[in-house]
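Values reported hereafter were calculated over all heavy atoms of this structure, with side chains retained and with hydrogens, waters and symmetry mates removed.
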Amino acid sequence: MTRNAPLTLTVNGREVSRTIPPQMLLVEFLREELRLTGPHVGCDTTQCGCCAVHLDGQVVKACTVLAMQAQGHVVQTIEGMAGATLHPMQQAFIDHHALQCGYCTPGMIMTCIAVARDHAPLTEAEARRQLEGNICRCTGYNNIVAALLDGQARMQGGDDVSV
């Protein structure tokens, strides 16, 4: 029998502490303990990317990370991306109709923000390649790729306030 263990980390700019089972996944911790329902569990096998969050600024699939691995680290979810206004990537998703059912959208946006930040400037072919770890079952990805490219341009234009 495994005992619960203390965990302290910073989520969306706020330090949080809980006592949790050591085998709890980060996505479970965010959804069940903190009620942050933006990260979704789409496949539970690391295939779809619906659970993508930023861990110390790097995009990770939260269904592949134990919550205890985030001890002392900084996690940012889709809920933490918007301030008084939407993040430029969120606005680009709206403007390019890159949202369909919305299930993949939080993970897709978190991935796009990291890709846009880390791979500038993107070509359309590179944007498509970078999104291979995220699955959208509703679209043909054209609108998502357009949103990624536009969101990157907006982020480079000084609109990026929370990456």
Side-chain angles (χ1 to χ4, degrees), residues 9-14 16 24-67 69-70 73-122 124 126-139 141-157 159-163:
L9 66 158
T10 301
V11 179
N12 297 335
R14 196 182 91 222
V16 295
M24 178 177 266
L25 296 172
L26 181 57
V27 71
E28 295 170 330
F29 177 77
L30 295 170
R31 292 182 60 84
E32 296 169 17
E33 292 291 326
L34 303 183
R35 302 292 180 214
L36 296 171
T37 58
H40 294 149
V41 178
C43 67
D44 221 9
T45 60
T46 75
Q47 302 285 321
C48 74
C50 290
C51 62
V53 298
H54 292 179
L55 177 62
D56 291 336
Q58 300 299 309
V59 67
V60 297
K61 294 178 180 179
C63 73
T64 65
V65 177
L66 293 172
Q69 291 176 291
H73 293 275
V74 175
V75 174
Q76 192 158 21
T77 69
I78 192 70
E79 289 92 343
M81 297 313 289
T85 61
L86 292 176
H87 185 280
M89 191 63 71
Q90 291 172 310
Q91 189 61 55
F93 265 67
I94 292 170
D95 294 345
H96 290 275
H97 308 286
L99 324 151
Q100 295 232 344
C101 82
Y103 199 82
C104 72
T105 302
M108 197 69 80
I109 289 173
M110 297 303 285
T111 298
C112 285
I113 289 169
V115 167
R117 181 193 60 221
D118 298 341
H119 299 278
L122 283 168
E124 181 180 338
E126 181 65 13
R128 289 184 185 280
R129 193 181 78 68
Q130 290 295 326
L131 292 176
E132 287 178 356
N134 289 72
I135 296 173
C136 173
R137 292 174 174 89
C138 300
T139 72
Y141 293 89
N142 289 337
N143 293 358
I144 293 170
V145 170
L148 169 54
L149 295 172
D150 184 36
Q152 182 181 57
R154 293 177 191 205
M155 288 167 63
Q156 292 173 343
D159 291 334
D160 184 13
V161 293
S162 58
V163 174

message: I need the minimum non-hydrogen distance between C48 and C43, along with the two atoms involved.
response: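 Smallest interatomic distance, heavy atoms only, reads N-SG, 3.4 Å.
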field: Heavy-atom pair of closest approach, residues G38 and I78
entry: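 Nearest heavy atoms, G38 then I78: CA-CG2, 3.7 Å.
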task: Would you sort out whether K61 and V53 count as a side-chain contact (heavy atoms from CB on, under 4.5 Å), showing the intermediate values?
output: CA-CA 6 Å; K61 294 178 180 179; V53 298; over 6 Å; no
message: Let's go through M24 and E33 carefully: what are the C-alpha distance in whole Å and the side-chain angles of both, what is the deciding distance for side-chain contact (heavy atoms from CB on, under 4.5 Å) to 0.1 Å, and is it a yes or a no?
response: CA-CA 10 Å; M24 178 177 266; E33 292 291 326; 4.2 Å; yes
task: Keeping to residues at least two apart or across chains, list the side-chain hydrogen bond (donor to acceptor under 3.5 Å, both in side chains) pairs with something in residues 89-108.
output: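 Every pair satisfying side-chain hydrogen bond (donor to acceptor under 3.5 Å, both in side chains) with a residue in residues 89-108: Q91-D95, D95-R154, H96-D150.
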- prompt: Is the backbone of T111 close enough, under 3.5 Å, to the side chain of N134 for a donor and an acceptor to pair up by distance?
  reply: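 Looks like no, no N/O pair under 3.5 Å.
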message: Tell me if a side-chain donor or acceptor on E79 pairs with a main-chain N or O of T37 at a distance below 3.5 Å.
response: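 Between the backbone of T37 and the side chain of E79 there is a qualifying donor-acceptor contact (under 3.5 Å).
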Can you find a pair of side-chain heavy atoms, one from [X] and one from [Y], that are under 4.5 Å apart?
| X | Y | answer |
| --- | --- | --- |
| H73 | L9 | no |
| F93 | H87 | no |
| L66 | L25 | yes |

- request: Evaluate the side-chain contact (heavy atoms from CB on, under 4.5 Å) criterion for residues E124 and V145: first the C-alpha distance (whole Å), next the side-chain angles of each, then the deciding distance (0.1 Å), finally the verdict.
  value: CA-CA 7 Å; E124 181 180 338; V145 170; 3.7 Å; yes
field: Identified side chain to side chain contact (heavy atoms under 4.5 Å, CB included) partner of N12 from the options L36, V75, V74, L30
entry: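 It is L36, the one option of L36, V75, V74, L30 that forms the side chain to side chain contact (heavy atoms under 4.5 Å, CB included) with N12.
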